[in-house]
Amino acid sequence: MMHTRLFSFLLLCLLLCTVATQAQEVITDQNIPSKTTKDVELLTKDQAVQRALEENLGVQVALNNVDIAKNNRSLLNSRFLPTVSGSAGASQDINDQTATFQDGSTRTVEDAETTRYNASVNVNYTLFDGFGRWYNYKRLKEEYNLSELQARETIETTLLQLFTVYFEVARLTENITVLEDTYANTSSRLQRAEYSFEFGQVNKLDVLNAQVDLVNDSINLISEKQALRNAKRDLNIILNKSLTDRFVVDTSVYFTNPLKIQEFVGSASENNVTLLQLEKNIRINDFLLKGSKSVFLPTIGLTGSYGWNQGQFPATNFLASNTSQGFSAGLNLTWNLFDGGSGVTAVRNARIQLDSQELLREQTRQQILRDIANALGDYENRLQVYNLQKQNVLTATDNYNRSNEQYKVGRITSIELRQAQINLLNAKTNRNFAKYTAKLAELQLLQLTGQLLNLGW
């Protein structure tokens, strides 16, 4: 009987060593903060944001669009500057010519050569085009402002995506710490059960229950580790980093002062990026309407040129050669009195488009105010849930500690202790989930109120 117990004890120790080794490998691979991962880079929130702004491909495309709009709004693209062109040419004619003069005499020249050369510089400048280019220039400036708002929207969307994944990595990291503690407690319970069984204080059932619980804890740890690996790869994609980069994240979370939140909500209509874009679109369409009316007004322009001409003529010509050079200038006026009605149609369509943009602005304003109200309610609810979950962790911790003491003196069974342990595990993981979902709800609310880029993380 003694040999049987000794064999069972050695077998159990071997099982525990195997499970513990697997769990330790899982924890080490997870890159969670520990003594074995001191050399792993800490990716702070500020570093992640900076990396996303510098390396995210979507953000780079949006910033390129801003540069294009900046080039378009420059004076060089305004049509306010004159156009200057140069031209030059040369020609040679070889003909057999017969010339008849006034006195009736004739003269024939075979292979008569005529050579001509010319060069000129021409300048054209529009003095007035019915204000078309003026409103076009103002429209291009507004399109540049619009492109900045579009880039801002892309950045805000990217940051929300970034923090969704970043906080998922943080949540899984904290969950692994909780699962690690759970595994260690179960391992201690198993060891205690083995000793008690060896001395006949408990039956084999307590040992088997502890063994099953330890394996389940190990499986949960392994599964959470794999989820963390996947989340880190997702984060590397957003940051445009190598999929194999190893790092840990900052798990601290700070919430904005509620008074500030209320202030931001009150000024959301003036700061929401979608509403600001609609305002720019209205101004752009207003300039398009004003510019389209230029077809009803005349165009006045100046022309100027400097030219040089030279010719070499055959004997049949009165002149042997001729050279001329000098300046010329002119003023022209063009007035399209009737273009078949296309100008009137363009003006009417531009006015309708402006009306549509104003209607869209009002519709979107109502939708955004609704979204802000929903986001505020969701944020306050999640924050309240988080505070309740923190209190629940304290209760579950106290319950587990008391249950553990009761188990040691034999007043409760291992099943009851396991239930208290599971309650504590669930309370901690639910708290982690509530913490990060509340923070994400806050960031979404800040994005709707136009304040996402104005606060810390």
Exercise. Apply salt bridge (Lys or Arg N to Asp or Glu O under 4.0 Å) to the pair D245 and K232, showing each step before the final yes or no.
Key: CA-CA 9 Å; D245 282 1; K232 285 187 175 182; over 6 Å; no
Quiz item: If you draw a 6.0 Å radius around CD in Q60, do more than 12 non-hydrogen atoms from other residues or ligands fall strictly inside?
Solution: yes
Quiz prompt | Shortest non-hydrogen separation from L275 to S269 and the atoms involved | solution = CD1-O, 3.8 Å
Quiz item: Which heavy atom of E143 sits nearest a heavy atom of A69, and at what distance?
Solution: O-CB, 4.2 Å
Practice problem: Describe, in one word, how the ring planes of Y137 and F80 are oriented to each other, choosing from parallel (under 30°), tilted (30 to 60°) and perpendicular (over 60°). | Solution: perpendicular
Practice problem: May I ask you to check if R382 and F255 form a cation-pi contact, with NZ or CZ under 6.0 angstrom from the six-membered ring centre and within 45° of the axis? | Solution: no
Exercise. Scan side-chain atoms only and decide if D250 and S252 contain a donor-acceptor pair under the 3.5 Å cut-off.
Key: yes
Practice problem: Please examine the side chains of V253 and Y386, heavy atoms only from C-beta on, and report whether any two atoms are closer than 4.5 Å. | Solution: no
Quiz item: Taking atom types as modelled and ignoring hydrogens, do the side chains of R139 and N136 form a donor-acceptor contact shorter than 3.5 angstrom?
Solution: yes
Quiz item: Is the number of heavy atoms from other residues, nucleotides or ligands within 6.0 Å of NZ (K141) greater than 12?
Solution: no
Self-check item: Where Y379 and A438 come nearest, the two heavy atoms and their spacing
Solution: CD1-O, 3.5 Å
Self-check item: Charged N-O contact under 4.0 Å between D286 and K290
Solution: yes
Practice problem: Give the intermediate values and the outcome of salt bridge (Lys or Arg N to Asp or Glu O under 4.0 Å) for residues R152 and E156. | Solution: CA-CA 6 Å; R152 171 186 156 186; E156 289 180 354; 3.0 Å; yes
Quiz item: Closest heavy-atom contact between N77 and N71?
Solution: CB-O, 4.2 Å
Practice problem: List the atom of T274, the atom of E153, and the distance in Å for their closest heavy-atom pair. | Solution: OG1-OE2, 3.9 Å
Quiz item: Where do R431 and Q389 come nearest, in terms of heavy atoms and distance?
Solution: CA-CB, 3.8 Å
Quiz item: Yes or no on side-chain contact (heavy atoms from CB on, under 4.5 Å) for N309 and R116, after CA distance, side-chain angles and deciding distance?
Solution: CA-CA 7 Å; N309 294 275; R116 295 181 177 86; over 6 Å; no
Quiz item: Between L376 and E380, is a side-chain contact (heavy atoms from CB on, under 4.5 Å) present by the stated rule, with each step listed?
Solution: CA-CA 6 Å; L376 178 61; E380 292 174 342; 3.7 Å; yes
Practice problem: Using distance alone, with no hydrogens and no angle criterion, decide if D217 and T186 have a side-chain donor and acceptor under 3.5 Å apart. | Solution: yes
Quiz item: Does atom NZ of K70 have more than 12 heavy-atom neighbours, drawn from other residues, nucleotides or ligands, at distances under 6.0 Å?
Solution: no
Quiz item: Under the 6.0 Å and 45° cation-pi test, does K45 pair with F163?
Solution: no
Quiz prompt | Under 3.5 Å side-chain donor-acceptor pair for T334 and T299 | solution = no
Exercise. Could you tell me which residues satisfy side-chain hydrogen bond (donor to acceptor under 3.5 Å, both in side chains) with N64, sequence neighbours excluded, listed by chain and number?
Key: none
Exercise. Supply the atom-to-atom distance I300 CD1 to L333 CG, rounded to the nearest 0.5 angstrom.
Key: 5.0 Å
Exercise. Give me the ring orientation class for F131 and F128: parallel if the planes are under 30° apart, tilted from 30 to 60°, perpendicular past 60°.
Key: perpendicular
Quiz item: Residues two or more places apart in sequence or in another chain: which of them pass side-chain hydrogen bond (donor to acceptor under 3.5 Å, both in side chains) with N220?
Solution: none
Practice problem: Evaluate the criterion salt bridge (Lys or Arg N to Asp or Glu O under 4.0 Å) for residue pair R361 and E358; output intermediate values, then yes/no. | Solution: CA-CA 5 Å; R361 176 186 59 184; E358 291 175 345; 5.1 Å; no
Practice problem: Report yes or no: is the cationic atom of R73 (NZ for Lys, CZ for Arg) under 6.0 Å from the centre of the six-membered ring of Y144, at an angle within 45° of the ring normal? | Solution: yes
Practice problem: Return yes if a side-chain donor-acceptor contact under 3.5 Å exists between Q226 and R229, otherwise no. | Solution: yes
